[in-house]
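Chain identifiers are assigned alphabetically (A, B, ...) following the order of the sequence lines, protein sequences preceding nucleic acid strands; residue numbering begins at 1 within each chain. In what follows, every heavy atom counts, from backbone to side chain, and hydrogens, waters and symmetry copies are set aside.
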Amino acid sequence: MPMLKHPLASAIALTLGAGLALGLATSAIADDHEPAWAQGRSSDMADSPLAPHATPLTVTAVEDIPIDHIRLPDGFSAEIWAHGMPGARMMARGDDGTLFIGTRGIGRVYAVLDNDDGEDREHVIIAEGLTQPNGVAFKDGSLYVAAINRIFRYDDIESHLANGDVPEPEELTDAFGLPDDEHHGWKFLAFGPDGRLYVPVGAPCNGCDVDEDTHATIHSFEPDGSDMRVEARGVRNSVGFDFHPETDELWFTNNAQDWLGEHGPQDTLNRLVESGDHYGFPFCHGHGIADPERGDQGSCNDIVMPAAMLGAHSAPLGMRFYTGEMFPEEYQNAMFIARRGSWNRTLSVGYDIQVAHISDDGERAAISPFIVGLLDPRENDFAGRPVDVLQMPDGALLVADEYNGAIYRISYETPDYVEE
Amino acid sequence: MRLTTRAPWRRALVNWGGAAALGLSIALPATAEDAPAVGLPFEEQVQVCGACHGNDGNSQQAGTPSLAGQPELTIVNQMIYFRERLRQNEVMTPQARGLPDAEIQALAAYYHEQPVAAPEGGPDPELKARGQQLAAQQRCASCHQSDYRGREQMPRLAGQREDYLIAAMIAYRDRTRGGPDTTMIDVMRGIDDDDIDAMAHFFTYLHAEE
């Protein structure tokens, strides 16, 4: 190991343990000798070629970014807003305009500097060597980062970045006390309108019995990690949520169980009705399907049904409500949902952005494609994987493409044929 | 890209990603932390790697893996795990520090093209047969391919050094080999030393004359 003489050496040392601790943190739930993603695969599927698609860890050259594949409704257009950040996942925007981006496999957190002068935006790596630092959230000048199973807070991050350095993070891991399971242990992070930090804890398995207060949940905490509440139970793996701009309700995406079938159970969009409600895992899936192993006739009786179905294995992740002024009126308070795309079915779905419009009674949503073209159904192949969306102050929508390490900007201009 | 008015970044933690993406070169001196190969021409980088891995990627050094014939993504991903300190190894973590993606990719492409040399010595037919049976039970071929030449991030096993294969499998089983991909940790759980020896022997001498 090299000697570390740098003033930030302690920050590096903090992260060094992550890779080593990873094995110890792995839960022993997976079937013997099966990798985590294959858990639950039936013996007659043992030779199935289906497996997760590897995410590139290297920079995609700008000319190879599939911006020209993207198709949008009339009036909308897409451009490359930032690029060169392998594995770019979840986004959070600082008050001064810095875009913070989490990752999984490559272990980095990026910051895209707000220095648009018509040329390429600069980005810096503000943390590295972490285990799946997927979650980022920003509040009161501080950046919060969630890795497995560690929580960091970088105070006054934007003023430090303006001075060309990165502050030493405060580690809040012990205060939050999150489980250390690797499987579905990567976190989404967002602050609620109540000022609390919302943190999902996925099931540490494909399908298994869980303690409904510790796993397959969405928790909330005070920003310092105190006063934990279980907001939602029976949520197999949520990697995206947002709060309704008028009702403050929590809406979240959820990834359903694999290896139960090509066409089901479906991934879902959900609405939190009452804090502590149960969404079915592991005994009830999708729109009310009892688990073949753990469920029975009454398994779906007392659970909250989804607000919308998002397709089997489509992997809906980041989602946000739209409140901007740039897009047409029909998008007000609608949700944009990034679907990373499937691996556990032979005919691929997802690899797109869907828009969800809420019903008049506020309880259901209808789903419709918004960004397509990254999936080529004729070849059953894909060119990009959208994982998160973020509204900018001008009303444009940013989209993170994990596969190409790029951020796209979606903007709108009224088409010529529309009378204003 | 503007590079003029900004304060110098503390490069140990903070790298100029935007510049690398554009293929621009920034005249920053290599830091003490950077690997010896950083900044060298390709031919000299191959010599640095070759000192242990063999000039043609066929390792003659105990415990050091051969790189010849490995899938490009296998080499790229492992080098990036080392570079990002996601995989700790006394030798390789320092050797990878600061190497740009493009240089890692060029080295990976070179070693992928090198022919795999025949292993030293010959197989023990009984041990090889047992290894073959175990590899089938473990479904190794479902990822490493039926001829064990590997695919994408999943390494070539055929013809790899026997001592390296044993050490790698034990490290996965004992959870001493880190890295973001935990597939092999799960696969190797609880496999005993004798079975590991047999599988390693089978892979090393897969194409050897009996």
Of the listed residues (Asp47(A), Val112(A), Ile106(A), Thr58(A)), which shares the most heavy-atom pairs with chain B below a 4.5 Å separation?
-> Thr58(A)
Under a 4.5 Å cut-off applied to non-hydrogen side-chain atoms, are Pro35(A) and Thr182(B) in contact?
-> no
How close do Asp101(B) and Pro86(A) get, heavy atom to heavy atom, and via which atoms?
-> OD2-CG, 4.4 Å
Could you pull out the closest heavy-atom pair between Pro180(B) and Gly105(A), with the gap in Å?
-> CG-O, 3.2 Å
Hey, could you give me the CG/CG distance between Leu73(B) and Leu57(A), rounded to the nearest 0.5 Å?
-> 7.5 Å
When rounded to the nearest 0.5 angstrom, what distance separates CD in Glu182(A) from CG in Asp186(B)?
-> 9.5 Å
Non-hydrogen atoms of chain A under 4.5 Å away: do they reach the side chain of Gln153(B), the backbone, both or neither?
-> side chain
Go through Met188(B), Gln138(B), Glu152(B) and name the one with the most non-hydrogen pairs under 4.5 angstrom from chain A.
-> Gln138(B)
Under 4.5 Å from any heavy atom of chain B - which part of Ala46(A) = both
CD (Gln133(B)) with more than 12 external heavy atoms under 6.0 Å = no
Give every residue pair that meets the ring pair (Phe, Tyr, Trp, His ring centres under 6.0 Å) criterion with at least one member in residues 73-114 of chain B, sequence neighbours excluded.
-> Phe42(B)-Tyr110(B)
Go through Arg97(B) and Glu128(A) one step at a time and tell me if the salt bridge (Lys or Arg N to Asp or Glu O under 4.0 Å) criterion holds.
-> CA-CA 12 Å; Arg97(B) 283 306 293 174; Glu128(A) 61 183 12; 3.3 Å; yes
